[in-house]
Engineer: 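I have a structure here, written as structure tokens, and I will follow up with some questions on it.
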Protein chains: 2
Amino acid sequence: MSRRSGILEFAVLGLLRESPMHGYELRKRLNTSLGVFRAFSYGTLYPCLKALVANGWLIEETDGAPEAVPAAALTGRRAKIVYRLTAAGKEHFEELLAHSGPDAWEDEHFGVRFAFFGQTSRDVRMRVLEGRRSRLEERLERMHTSLARSRERLDDYTLELQRHGMESVEREVRWLNELIESERAGRDQRAPDPAAQDSKHQSGDTGGLPRHRGGSRPDPSDDTTT
Amino acid sequence: MSRRSGILEFAVLGLLRESPMHGYELRKRLNTSLGVFRAFSYGTLYPCLKALVANGWLIEETDGAPEAVPAAALTGRRAKIVYRLTAAGKEHFEELLAHSGPDAWEDEHFGVRFAFFGQTSRDVRMRVLEGRRSRLEERLERMHTSLARSRERLDDYTLELQRHGMESVEREVRWLNELIESERAGRDQRAPDPAAQDSKHQSGDTGGLPRHRGGSRPDPSDDTTT
DNA sequence: TTCGTCATGTAATGGGTTACATGATTAC
DNA sequence: GTAATCATGTAACCCATTACATGACGAA
């Protein structure tokens with residue numbers, strides 16, 4: 001038992017669903033792919049992994065052990081522990097994916113939830129997006145009124161800070177609007193049905209996200225090795 | 001003794017500098033004026049206040065005691081504790097204001113620091129703004145390269161999340177650019193000199209912030225009473 | 001008189017980081 | 001051979017929240 005915060009657990013399960021990994025790599029993925037928002041340290045990750053194993057959602061396989069190691073790396077290397085999702089784990093993750101409770105659109109959770117929208121059913125996606133939007137709209141309203149009440153009292157910097165804050169929130173609302181709209185437009189369902197899936201993992205669903213795209217260019221470089 | 005996280009301490013000192021207040025009110029201010037970012041609970045605030053008192057930076061005056069209570073409220077009301085900044089506290093806050101160490105532009109700190117820019121000397125303001133900007137630029141670069149490295153591997157949602165994240169950061173950089181520019185343009189210094197101040201508190205300095213301004217309209221309403 | 005909000009606190013708990021300890025592997 | 005980075009862990013601490021306990025004041 002022992003409830004971990006959900007967010008780490010969720011992300012770990014989700015990443016491991018795509019392919020088994022060891023802790024170290026997992027952490028990097030956590031802090032790049034998903035981690036624009038959150039950076040976890042080993043002191044958090046490893047204990048969490050242990051707990052997930054204890055719950056039967058993961059198994060650790062010492063790399064170089066059973067499971068057809070494809071030659072190479074047989075030089076008696078130290079026990080790298082590769083974590084693999086169990087059937088139970090998969091099931092559990094599926095359940096988590098299906099939940100769309102109010103906390104799913106809180107600041108901390110929303111990002112991770114969104115990151116796994118690829119495996120999320122369309123109606124849940126919708127609920128989460130709309131939930132988040134109204135969350136932000138409430139916040140916006142509160143900021144608005146509290147600003148109105150104290151405008152005179154506040155100096156220019158505080159005001160500017162407030163203004164910028166609101167603008168950020170407004171921007172996110174617009175983003176959500178786009179997403180929701182293109183989500184509605186998208187013809188496809190991706191199984192509210194919990195049985196008709198698993199043949200690889202989730203093919204091309206994505207109801208067509210709004211077209212954007214920034215500059216790219218390859219460029220091998222460092223890693224957030226805190 | 002006992003280092004509090006800095007950020008709460010800083011904010012409390014700063015708010016109390018403007019005028020004495022009791023905890024309850026303090027908390028509200030914390031969660032509106034400054035608190036777009038952070039919301040503190042009583043379980044955090046009250047112990048912190050005690051600690052600040054212990055440090056000699058604040059004194060508590062039981063409302064209805066000495067200090068010329070302007071009639072009214074003499075009906076034996078319960079001990080509301082009003083916190084007032086001591087000379088030492090003021091001095092300490094002044095020191096904190098002057099620091100522009102690297103942590104000053106970290107996510108958690110930057111907001112509060114900015115909120116008190118009104119009492120901050122211009123060169124410190126500059127350093128903090130520029131520090132934050134380069135912080136964000138680093139981050140942007142990292143996101144950029146890590147995105148380039150994994151673009152193919154990622155599904156559309158993850159990509160979109162990443163894109164939106166970067167766009168947000170870019171936006172903040174542009175904001176900082178504006179601020180820095182208008183800060184440079186601003187004719188005024190506001191005392192790097194630590195002796196020539198205190199005659200009331202900080203008059204109209206502000207080197208002219210970029211012109212913006214959203215809708216207002218008065219509208220009395222609720223309070224984030226979590 | 002009851003409800004809301006003002007007002008002050010504390011103990012248990014949670015969730016996470018820092019700093020440390022350890023060692024293998026790779027690249028130069 | 002030595003530095004970087006891969007790799008796994010743990011114990012001590014920190015910051016803050018939750019839930020609780022308590023009570024006064026004002027308005028309906």
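Chain naming here is simple, since letters A, B, ... match the order of the sequence lines and numbering starts at 1 in each.
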Engineer: Of the nucleotides C:dT18, D:dT5, D:dG9, which one has an atom closest to the side chain of A:Tyr24?
Structural biologist: D:dT5
Engineer: Have a look at the helix from C:dT1-D:dA28 to C:dC28-D:dG1 and give the angle its two end axes make, five pairs each, rounded to 10 degrees.
Structural biologist: 30°
Engineer: In whole angstrom, what separates A:Leu49's CG from D:dT10's P?
Structural biologist: 12 Å
Engineer: What's the CG-C1' distance between A:Asp107 and D:dT17, to the nearest Å?
Structural biologist: 16 Å
Engineer: Considering only NZ, NE, NH1 and NH2 on the basic side and carboxylate oxygens on the acidic side, decide whether A:Glu25 and A:Lys80 come within less than 4.0 Å.
Structural biologist: no
Engineer: Which whole-number value in Å describes the distance from A:Ile7 CD1 to C:dT17 C1'?
Structural biologist: 15 Å
Engineer: Suppose we call two aromatic rings close when their centres sit under 6.0 Å apart. Are A:Trp175 and A:Phe114 close by that rule?
Structural biologist: yes
Engineer: Quick one: CZ on A:Arg171 to OG on B:Ser168, what's the gap to the nearest 0.5 Å?
Structural biologist: 4.0 Å
Engineer: Check the distance between C:dT5's C1' and B:Lys28's NZ and give it to me in whole angstrom.
Structural biologist: 9 Å
Engineer: Between D:dT17, C:dG9, D:dG9, spot the one nearest the side chain of A:Lys50, thanks.
Structural biologist: D:dG9
Engineer: Ring centres under 6.0 Å, that's the criterion: do A:Phe116 and B:Tyr157 meet it?
Structural biologist: no
Engineer: Considering just the side-chain nitrogens and oxygens of A:Thr44, establish if one lies under 4.0 Å of OP1 or OP2 belonging to C:dT17.
Structural biologist: yes
Engineer: Base, sugar-phosphate, or nothing: which does B:Gly43 touch, judged by heavy atoms less than 4.0 Å apart?
Structural biologist: base
Engineer: Which one of A:Glu172, A:His109, A:Glu106, A:Glu137 satisfies the side chain to side chain donor-acceptor pair (under 3.5 Å) criterion with A:Arg132?
Structural biologist: A:Glu172
Engineer: Given D:dT17, C:dT10, C:dC6, which nucleotide is nearest the side-chain atoms of B:Ser41?
Structural biologist: D:dT17
Engineer: Measure CE/A:Met21 against C1'/D:dT8 and give the value in whole Å, please.
Structural biologist: 17 Å
Engineer: Choosing from D:dT8, C:dG16, D:dT17, which nucleotide comes nearest the side chain of A:Tyr42?
Structural biologist: D:dT8
Engineer: Could you list the residues that satisfy side-chain hydrogen bond (donor to acceptor under 3.5 Å, both in side chains) with A:Ser134, not counting sequence neighbours?
Structural biologist: none
Engineer: If you only use heavy atoms from C-beta on, which nucleotide in D:dA16, C:dT8, D:dC6 is closest to the side chain of B:Ile81?
Structural biologist: C:dT8
Engineer: Expressed in angstrom and rounded to an integer, what is the separation of A:Glu61 atom CD from D:dA7 atom C1'?
Structural biologist: 17 Å
Engineer: Is any side-chain N or O of B:Tyr46 closer than 4.0 Å to OP1 or OP2 of C:dT8?
Structural biologist: yes
Engineer: Rounded to the Å, how far apart are A:Lys80 NZ and C:dT26 P?
Structural biologist: 8 Å
Engineer: Could you check which of D:dA7, C:dA7, D:dA16 has an atom nearest any side-chain atom of A:His22?
Structural biologist: D:dA7
Engineer: Taking side chain to side chain contact (heavy atoms under 4.5 Å, CB included) as the test, write out the residues that go with A:Tyr46, two or more places apart.
Structural biologist: A:Tyr24, A:Tyr42, A:Leu49
Engineer: Whole angstrom is fine here: how far is it from CD in A:Glu9 over to P in C:dG15?
Structural biologist: 11 Å
